[in-house]
Amino acid sequence: MDTRHMRYFMALAETLHFGRAAEWMNMSQPPFSRQIAMIEHTLGVKLFERNSRNVALTPAGKHFMKDCRNVLGQFEEACRDVRLVASGMKGELRFGFMMHAAHSVVPQLVQRYAEARPDVRLVLDERTPTEIDEMLVAGTLDAAVTFDCGYAQHLQTVVLARERLRIIMQKDHPLATVGQIGPKELREEKIIAAPAATAPALRSAINSYFSARGIVPHVVLEPRLQHTIVQLVAKGLGVALIPASLCAELGAGLILPALTDAPQLDVVLRAPITTKNPAVSTFMEIGKSIQQVSL
């Protein structure tokens, strides 16, 4: 028994007429009648009561009709679904992003994709930039928002925004009243920054900001997460250069003095060039549509 036999049965169960049912299945009546007889023989059950004038379903036939309708409906749904998955209209997309990007480009990107592809399940995964790079290479992420760390041959890249770094410090810090702050003013300051092993592009931008003026930053603490850095600055343990997208929700005890020639980094959407997930292409196109000048 297979779905073909179920369709033979359903044709007769719904028409209760051998001639019309056979025509429905594009068959002549004798071979169609043999198929029905074969189905009953295979099941060992009488599905139809028939005589020269009428055809009627037996109680077993009525039950079998209900089950066949369910099975055929599920089969047809499976056929539709597999086509939708193959076209990127349905399925799953594993999306990673830097935690602070949830304050900038990620909500808009997720919202637009959910509107465009409501049947694709987005699996969101907050990670550090280094973890994102590793997971893209390993294939455990389909796409991700991270800082641009240079050309990667195996990745396709869409620039979403250019993000400035801001300096944060306690509002009673001695530098709080200085009009413009640059590397010279920060020479003796305790700097809190994510380690290069966690956020290489961000740490490189901070180091380059100082080294361009011949200064080596005095980094005293290296938390992995930007939110932790903000909390440590709030406790007076140092100052920090953090992405501008994090600065909208700083506590009352912190300020954002003007930073001279503030470093900038590109925030990018990346995905493996050789991805086998058809849902990725639309995700990248939506990324292009939300490109911003700066954050």
Side-chain angles (χ1 to χ4, degrees), residues 1-15 20-28 31-32 35-36 38-39 42-43 47 57 61-97 105-127 132 135-146 152-160 268-291:
M1 289 286 293
D2 56 31
T3 57
R4 177 172 54 95
H5 297 102
M6 287 185 179
R7 295 187 193 282
Y8 292 150
F9 165 77
M10 288 298 296
L12 184 56
E14 292 181 357
T15 63
R20 287 197 295 271
E23 184 179 356
W24 190 359
M25 298 306 297
N26 295 313
M27 299 173 66
S28 60
F32 179 81
Q35 289 291 335
I36 297 298
M38 184 274 292
I39 293 170
T42 300
L43 294 175
L47 300 172
L57 284 163
K62 291 179 181 178
H63 186 83
F64 192 53
M65 181 181 182
K66 178 181 176 182
D67 286 346
C68 284
R69 183 175 285 124
N70 291 336
V71 170
L72 291 172
Q74 291 173 3
F75 177 71
E76 289 168 2
E77 183 179 356
C79 292
R80 287 193 301 270
D81 284 352
V82 75
R83 295 187 186 99
L84 290 173
V85 170
S87 66
M89 300 291 290
K90 194 167 185 173
E92 180 178 282
L93 191 148
R94 299 159 298 175
F95 172 52
F97 57 94
V105 295
V106 167
Q108 186 181 13
L109 181 60
V110 169
Q111 179 186 22
R112 291 202 182 182
Y113 189 76
E115 291 170 352
R117 294 289 183 266
D119 292 324
V120 175
R121 177 173 175 262
L122 272 177
V123 179
L124 306 183
D125 196 351
E126 297 183 13
R127 294 283 177 168
I132 285 173
M135 293 173 75
L136 285 172
V137 171
T140 52
L141 286 177
D142 295 308
V145 168
T146 185
Q153 186 176 5
H154 62 288
L155 296 175
Q156 51 183 312
T157 300
V158 173
V159 178
L160 299 178
V268 298
L269 174 62
R270 285 187 149 172
I273 291 175
T274 57
T275 180
K276 292 181 173 61
N277 188 340
V280 169
S281 60
T282 300
F283 202 67
M284 301 301 286
E285 289 300 317
I286 290 174
K288 294 176 184 177
S289 74
I290 67 168
Q291 290 176 328

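In what follows, residues are counted from 1 in the order of the sequence shown. As a basis for the values below, the full set of heavy atoms in this structure was taken, side chains included, without hydrogen atoms, waters or symmetry mates.
- Nearest heavy-atom pair across Ala271 and Val280 is CB-CG1, 3.7 Å.
- Between Arg94 and Asp125, every side-chain heavy-atom pair lies at or beyond the 4.5 Å cut-off.
- Interatomic distance, CG of Asp142 versus CE of Met135, reported as 10.0 Å (0.5 Å rounding).
- Note that CD1 of Ile36 is 5.0 Å distant from CG of Leu12, once rounded to the nearest 0.5 Å.
- Not counting sequence neighbours, the partners of Phe97 by the ring-ring contact (aromatic ring centres under 6.0 Å, His included) test are Phe95.
- Under the side chain to side chain donor-acceptor pair (under 3.5 Å) criterion, Thr157 pairs with Arg270, sequence neighbours left out.
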Practice item. Could you go through the side-chain contact (heavy atoms from CB on, under 4.5 Å) check for Val145 and Val105 one step at a time? Key: CA-CA 9 Å; Val145 168; Val105 295; 4.0 Å; yes

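- Atoms CZ and CG, on Arg127 and Leu136 in that order, are 11.5 Å from each other to the nearest 0.5 Å.
- Qualifying salt bridge (charged side-chain N to carboxylate O under 4.0 Å, His left out) partners for Arg112, counting only residues two or more places apart in sequence or in other chains: none.
- Looking at every heavy atom in both residues, Pro118 comes nearest to Glu115 through CD-O, 3.7 Å.
- Under the salt bridge (charged side-chain N to carboxylate O under 4.0 Å, His left out) criterion, Arg121 pairs with Glu92, sequence neighbours left out.
- Summarising the geometry, atom CE belonging to Met10 is positioned 6.5 Å from atom SG belonging to Cys68; distances are rounded to the nearest 0.5 Å.
- Legend: residues meeting ring-ring contact (aromatic ring centres under 6.0 Å, His included) with Tyr8, ordered by chain and number and at least two apart, are absent.
- What you find for Ala279 and Tyr113 is that their closest heavy atoms are O-OH, 2.9 Å.
- The side chain to side chain contact (heavy atoms under 4.5 Å, CB included) check on Asp119 picks up Lys90, with sequence neighbours excluded.
- Residues Leu141 and Ala144 share a closest heavy-atom pair of CD1-CB, 4.3 Å.
- The two residues Ile39 and His5 come nearest to each other via the heavy atoms CD1-O, 3.3 Å.
- Listed here is the closest heavy atom pair of Ala21 and Thr15: CB-OG1, 3.4 Å.
- Residue His154 holds its NE2 atom at 9.0 Å from OG1 of Thr274, rounded to the nearest 0.5 Å.
- Using a 4.5 Å cut-off on side-chain heavy atoms (C-beta onward), Gln35 and Met25 make no contact.
- When the side chain to side chain donor-acceptor pair (under 3.5 Å) test is applied to Asn26, no partner is found at least two apart in sequence or on another chain.
- Between Phe283 atom CZ and Thr275 atom OG1 the span is 12.0 Å, to the nearest 0.5 Å.
- Taking 4.0 Å as the cut-off between side-chain N and carboxylate O, Arg69 and Glu14 count as a salt-bridged pair.
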Review point. Taking it one step at a time, do Phe9 and Leu43 satisfy side-chain contact (heavy atoms from CB on, under 4.5 Å)?
Key: CA-CA 12 Å; Phe9 165 77; Leu43 294 175; over 6 Å; no

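- In terms of the side chain to side chain donor-acceptor pair (under 3.5 Å) criterion, Asn70 has no residue partners (sequence neighbours excluded).
- In this structure Arg80 satisfies the salt bridge (charged side-chain N to carboxylate O under 4.0 Å, His left out) test with no other residue, sequence neighbours excluded.
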Practice item. Take Leu72 and Thr3 through the side-chain contact (heavy atoms from CB on, under 4.5 Å) test and state the conclusion after the steps. Key: CA-CA 7 Å; Leu72 291 172; Thr3 57; 4.0 Å; yes

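- Checked against side chain to side chain donor-acceptor pair (under 3.5 Å), Glu126 has no partners two or more places apart in sequence or in another chain.
- Using a 4.0 Å cut-off between a side-chain N of Lys or Arg and a carboxylate O of Asp or Glu, Glu76 and Arg7 qualify as a salt bridge.
- Contacts of Ile273 classified as side chain to side chain contact (heavy atoms under 4.5 Å, CB included), with partners at least two apart in sequence or in another chain: Gln156.
- Annotation: side chain of Leu93 is not in contact with side chain of Val123 (no heavy-atom distance under 4.5 Å).
- A salt bridge (charged side-chain N to carboxylate O under 4.0 Å, His left out) check over residues 274-289, counting only residues at least two apart or in different chains, returns the pairs Glu285-Lys288.
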